[in-house]
Amino acid sequence: MASTTESFFAPSNAPNSHTDNPNPYSLSSMTSAQHYWSIAHDLTSASPPLEPHNYGIKHDMGSVGVQHKQKMEVCRHVLRKIGEDHTFESLYMIDAIQRLGIDNYFQEEIGAILHGHYVKYVAHGGDCGHELHKVALRFRLLRQQGYYVPADIFNNFKGKEGKFNKELAEDINGLMALYEASQLNIEDEDILDEAGKFSEQQLNARVRHLDESQVRVVGNTLRHPYHKSLARFMAKSFFGNFQQINGWPNDLELLAKMDFNMVQSMHQKEIAQISKWWADLGLSKELKFARNQPLKWYICSMVCLTDPDMSDERVELTKPISLIYIIDDIFDVYGTIEELTLFTEAVNKWDFAALEQLPEYMKICFKALYDITNEISNKIHQKHGWNPIDALRKTWASLCNAFLVEAKWFASGHSPKSDEYLENAVISSGVHVVLVHTFFLLGQRVTKETEDLVDNIPGIISSPATILRLWDDLGSAMDESQEGRDGSYIDYYVKEHQGCSIKEAREKVVSMIADAWKRLNKECLSPNPFPAAFTKASLNIARMFILAVTIDLLLNPFGPKLGGFRILTQGAGIGNGM
C-alpha cells in the first residue's frame with residue numbers, strides 16, 4: 001500500500017518551453033514516473049448551500065490579530081455592498097476570496113450573495129447572459145455551493161453544428177472559466193465533458209501566443225483547477241492575478257497575508273501538541289520497525305480540515321491517522337499471516353482476551369488503538385453529546401479485514417480480479433477511517449440515520465477513497481522504506497485482459513478517476529444528509545493528490561524528500577512567514 005511521490009506535470013512556466021508541444025498540459029505530456037499515495041502512505045515524500053457560521057482564529061496575536069480583524073471587517077463591508085445588486089463583480093470578489101483561502105471568514109455573506117444569484121438567474125429562469133466568463137464563473141460558484149445549475153446553459157455558446165463556437169478561442173478568461181466549470185460535472189453531462197476538452201485544447205493552442213505572466217496563469221488553471229485543488233496551498237500563486245476593481249483586491253491580499261502568518265503560528269502550536277503526544281505515547285520506542293513520522297500524519301489532518309477554528313479537531317484526527325500507518329506497517333512488512341489473522345480477530349472482537357496468543361508488539365499496538373479510540377469517543381461525547389465508539393470500532397475492524405485480505409493475496413501469490421482488488425483497496429486506503437472520525441469530530445448533523453450512513457461507506461466517502469487509490473496505482477505501489485509490495489489495479493487489469501497494454505490500462509484508470517470525481521460532485525449537491533464542513537473534508541481528501549503535484553512542481557533544485565517537505569510545510573503555513 002505504500003508509495004512515494006514524484007513529478008507529474010512538467011514544471012517549466014517559461015512561454016518558450018511550451019512551443020514544442022501543442023498540448024503541454026495534456027495527459028500525454030505527463031511524465032511516466034507517476035507516484036501517488038493513499039491515505040495510509042507517505043504524504044510528504046514528496047457542498048450543499050453552506051450553513052452560516054462565523055469562523056475565527058482562536059489564538060490571539062496582539063496587534064497582528066487586531067489588524068487582521070480590522071481588515072476582515074473592511075473586506076466584509078465591501079463584499080456586502082458589492083453583493084447587494086448581484087452583479088458580476090460580486091462573483092469576481094467571491095472567487096478571489098476563495099482562491100486566497102480566506103472564504104471561511106465570509107461564509108454568511110458568500111451564502112447570501114450566491115443564493116441571490118441562484119434565485120435571479122436559475123430558479124426563476126432568468127437570462128444567464130452570453131458572456132462566457134460570467135456564465136461559467138456563476139455556474140461554478142453555485143455548484144460549489146451545492147446548487148444544481150443545469151449544464152445546458154452552455155448551449156448558448158455553441159453554433160448550428162452543435163460545437164462550441166471557434167470565436168471563443170480569443171476569450172482566454174472565458175476559456176479558463178469554462179475549464180474550471182467543467183470540473184464540477186456529474187454523470188451523464190456530456191456537454192461539460194465536451195466543454196472541458198474544448199477549453200483545454202483551445203488554451204493549449206493559445207499558450208505560444210501569450211506572454212510569460214499569461215502563460216503562468218493559464219498553466220495554473222490547467223494544472224490546478226480550483227475545484228480539485230487545495231486553496232490554502234495554492235493561494236500564493238494567485239497574488240497579483242486579480243484586476244484592480246475599486247481597490248478591494250489589495251485589501252483581500254493584505255488580509256490573506258496576515259491570515260497566512262496567523263494560521264502558521266497555529267499550525268506550529270498544533271505540531272508541538274502532536275509531537276508531545278507521540279513522544280508520550282511511546283510507540284516509536286516499542287515498535288522499532290514502524291514509521292516514526294508524526295509531522296507527516298499531522299499534515300494529513302491539516303489537509304482534511306483547513307478551517308482555522310478546527311485546531312482541536314486536527315490534533316485529534318492526527319491520532320487515528322498515525323495508527324493507520326502503524327497498523328499498515330505491521331501488515332505490510334512485519335506480521336506473519338497467523339499473527340495478522342489473530343490481530344484482526346482481536347480488533348473485530350474489540351477484546352483484550354483475544355490477545356493472549358499474540359506477540360508483545362501486537363498487544364502494544366492493540367492497546368494503543370483501544371485507548372486512543374476510547375479517548376476520542378469520550379471527547380466527542382462530552383463535546384457533542386454523541387458517543388461514536390461503536391462506529392469507530394467498526395471502521396478499524398473493516399480496515400484490518402481489508403489489510404488481511406491483501407496480506408493473504410500477497411502471501412499466496414493470488415492475483416484477484418481488478419474489480420475485486422479495487423473493492424477491497426478502497427477500504428484498505430484508510431480513507432473511510434479518516435472520514436468517519438472526521439464526521440464525529442465535527443459533531444454536526446449526527447443522528448442514528450447519518451451514523452448508519454457513514455457505517456456503510458456512502459459515496460461521499462467511497463468516491464475520494466477510489467480517487468486516491470487509483471491515483472496511487474498509476475504509479476508504483478512500492479515504498480522504498482518497506483519490503484512488502486501490494487498489487488495495483490493496473491497490474492491486475494492487464495493480467496485479467498490478455499492483450500491489454502499498460503498504456504491502455506492507465507488510460508482506463510484515468511477515466512475511472514474522472515468518473516469517481518463525477519460521483520463525488522453529485523454527492524456534494526444539495527440536498528444531502530451531511531453538513532458542509534464534512535462535504536468540504538471529503539473533497540479535500542480527494543484533492544490530496546493535487547498536493548503532491550504542487551510539491552513536485554516546486555522541487556527544483558531540491559530532492560523529492562527534502563524539497564517536497566519544505567514546500568509542503570511552508571505552503572501550508574508551517575514554515576517561514578510571508
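Bear in mind that the values here come from a model prediction, so they are computed numbers and not experimental data.
Checked against the 6.0 Å centroid criterion, the rings of Tyr179 and Phe198 do not qualify as a close aromatic pair. Proximity of the aromatic rings of His133 and Phe88 is defined here by a centroid distance below 6.0 angstrom, and this criterion is met. Proximity of the aromatic rings of Tyr105 and His68 is defined here by a centroid distance below 6.0 angstrom, and this criterion is met. Residues Trp277 and Tyr298 place their aromatic rings such that the two centres sit no closer than 6.0 Å.
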(Q) Please determine whether side chain to side chain contact (heavy atoms under 4.5 Å, CB included) holds for the pair Met266 and Met262, giving the CA-CA distance in whole Å, both sets of side-chain angles, and the decisive distance to 0.1 Å. (A) CA-CA 7 Å; Met266 178 168 42; Met262 293 182 68; over 6 Å; no

Q) Between Leu79 and Ile94, does a side chain to side chain contact (heavy atoms under 4.5 Å, CB included) hold up when you go through it step by step? A) CA-CA 8 Å; Leu79 179 60; Ile94 290 173; 4.2 Å; yes

Q | From CA spacing to verdict: side chain to side chain contact (heavy atoms under 4.5 Å, CB included), Trp386, Glu451 | A | CA-CA 10 Å; Trp386 190 279; Glu451 179 174 341; 2.8 Å; yes

Q | side chain to side chain contact (heavy atoms under 4.5 Å, CB included) between Phe534 and Ile461, intermediate numbers included | A | CA-CA 10 Å; Phe534 181 72; Ile461 293 177; 4.1 Å; yes

Q | From CA spacing to verdict: side-chain hydrogen bond (donor to acceptor under 3.5 Å, both in side chains), Gln183, Trp517 | A | CA-CA 8 Å; Gln183 306 303 308; Trp517 264 109; over 6 Å; no

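For NZ of Lys522, the number of neighbouring non-hydrogen atoms (other residues, nucleotides, ligands) closer than 6.0 Å is 12 at most. More than 12 heavy atoms of other shown residues, nucleotides or ligands fall within 6.0 angstrom of atom NE2 in His209. In Lys69, the NZ atom is not crowded: 12 or fewer heavy atoms of neighbouring residues, nucleotides or ligands sit closer than 6.0 Å. Around NE2 of His115, the count of heavy atoms belonging to other residues, nucleotides or ligands within 6.0 Å does not exceed 12. The local environment of CD in Glu131 is sparse, with at most 12 non-hydrogen atoms from other residues, nucleotides or ligands closer than 6.0 Å.
Side-chain contact check for Pro308 versus Arg232: some heavy-atom pair is nearer than 4.5 Å. Under the 4.5 Å side-chain criterion, counting only non-hydrogen atoms from C-beta, Ser284 is in contact with Trp278. Under the 4.5 Å side-chain criterion, counting only non-hydrogen atoms from C-beta, Val454 is not in contact with Leu435. You'll find the side chain of Asn173 reaches within 4.5 Å of the side chain of Asp171, heavy atoms only. Under the 4.5 Å side-chain criterion, counting only non-hydrogen atoms from C-beta, Lys134 is not in contact with Leu91. In this structure, Arg140 and Asp95 have side chains that are in contact, with non-hydrogen atoms separated by less than 4.5 Å. Using a 4.5 Å heavy-atom threshold, the side chains of Lys81 and Val78 count as separate. Side chains of Leu168 and Gln202 form no contact here, defined as non-hydrogen atoms less than 4.5 Å apart.
Ser377 contributes a side-chain N or O that, together with a main-chain N or O of Thr373, makes up a donor-acceptor pair within less than 3.5 Å. A donor-acceptor pair under 3.5 Å is formed between the side chain of Glu180 and the backbone N or O of Tyr226. Formation of a donor-acceptor pair under 3.5 Å by the Glu73 side chain with backbone atoms of Gln70 is not found in this model. Judged purely by atom type and a 3.5 angstrom limit, Ser463 has no side-chain atom pairing as donor or acceptor with the backbone of Ile460. Put simply, the side chain of Asn104 never gets that close to the backbone of Asp307: no donor and acceptor are under 3.5 Å apart. Checking side-chain atoms of Thr318 against main-chain N and O of Arg314 turns up a donor-acceptor pair under 3.5 Å. Looking only at distances, a side-chain donor or acceptor of His384 sits under 3.5 Å from a matching main-chain atom of Leu441. Under a 3.5 Å cut-off, the side chain of Gln214 and the backbone N or O of Asp211 do form a donor-acceptor pair. Looking only at distances, a side-chain donor or acceptor of Thr535 sits under 3.5 Å from a matching main-chain atom of Pro531. The backbone N or O of Val431 sits less than 3.5 Å from a side-chain atom of Ser429, completing a donor-acceptor pair.
Pro464 and Leu520 make their closest contact through CD-CD1, 4.0 Å (heavy atoms, listed as atom of the first residue, atom of the second, distance). A pairwise comparison of heavy atoms in Lys319 and Ile376 identifies CB-CD1, 4.4 Å as the closest pair. Scanning both residues, Val434 and Ile321, for their nearest heavy atoms gives CG2-CG1, 3.9 Å. In this structure, Val135 and Phe154 approach most closely via the heavy-atom pair CG1-CE2, 4.1 Å. Ile113 and Ser90 make their closest contact through CG2-OG, 3.8 Å (heavy atoms, listed as atom of the first residue, atom of the second, distance). Among all heavy-atom pairs drawn from Gln98 and Ala231, the shortest one is O-CB, 3.5 Å.
Residue Arg138 holds its CZ atom at 10.5 Å from NE2 of His86, rounded to the nearest 0.5 Å. A distance of 11.0 Å separates CD1 in Ile186 from CD in Glu523, rounded to the nearest 0.5 Å. In this structure, SG in Cys304 is found 10.0 Å from CG in Leu230, a value given to the nearest 0.5 Å. Note that the CD1 atom of Ile274 and the OG atom of Ser301 stand 6.5 Å from one another [nearest 0.5 Å]. In this structure, the separation between CE on Met310 and CG on Leu442 is 5.0 Å, given to the nearest 0.5 Å. Note: Leu142 CG to Gln144 CD = 9.5 Å, rounded to the nearest 0.5 Å.
For Ser462 and His432, the side-chain atoms include no donor-acceptor pair closer than 3.5 Å.
Scanning for ring pair (Phe, Tyr, Trp, His ring centres under 6.0 Å) contacts around Tyr148 gives an empty result, with sequence neighbours left out.
Taking the centre and axis of the six-membered ring of Phe530, the NZ or CZ atom of Arg445 falls outside the cone set by 45° and 6.0 Å.
Classification of Glu108 and Arg80 as a salt-bridged pair fails, no side-chain N sitting under 4.0 Å from a carboxylate O. The pair Glu170-Arg206 meets the salt-bridge criterion, with a side-chain N (NZ, NE, NH1 or NH2) lying under 4.0 Å from an Asp/Glu carboxylate O.
Below 30°, between 30° and 60°, or above 60°: for Tyr325 and Trp297 the angle between ring planes is between 30° and 60°, a tilted geometry.
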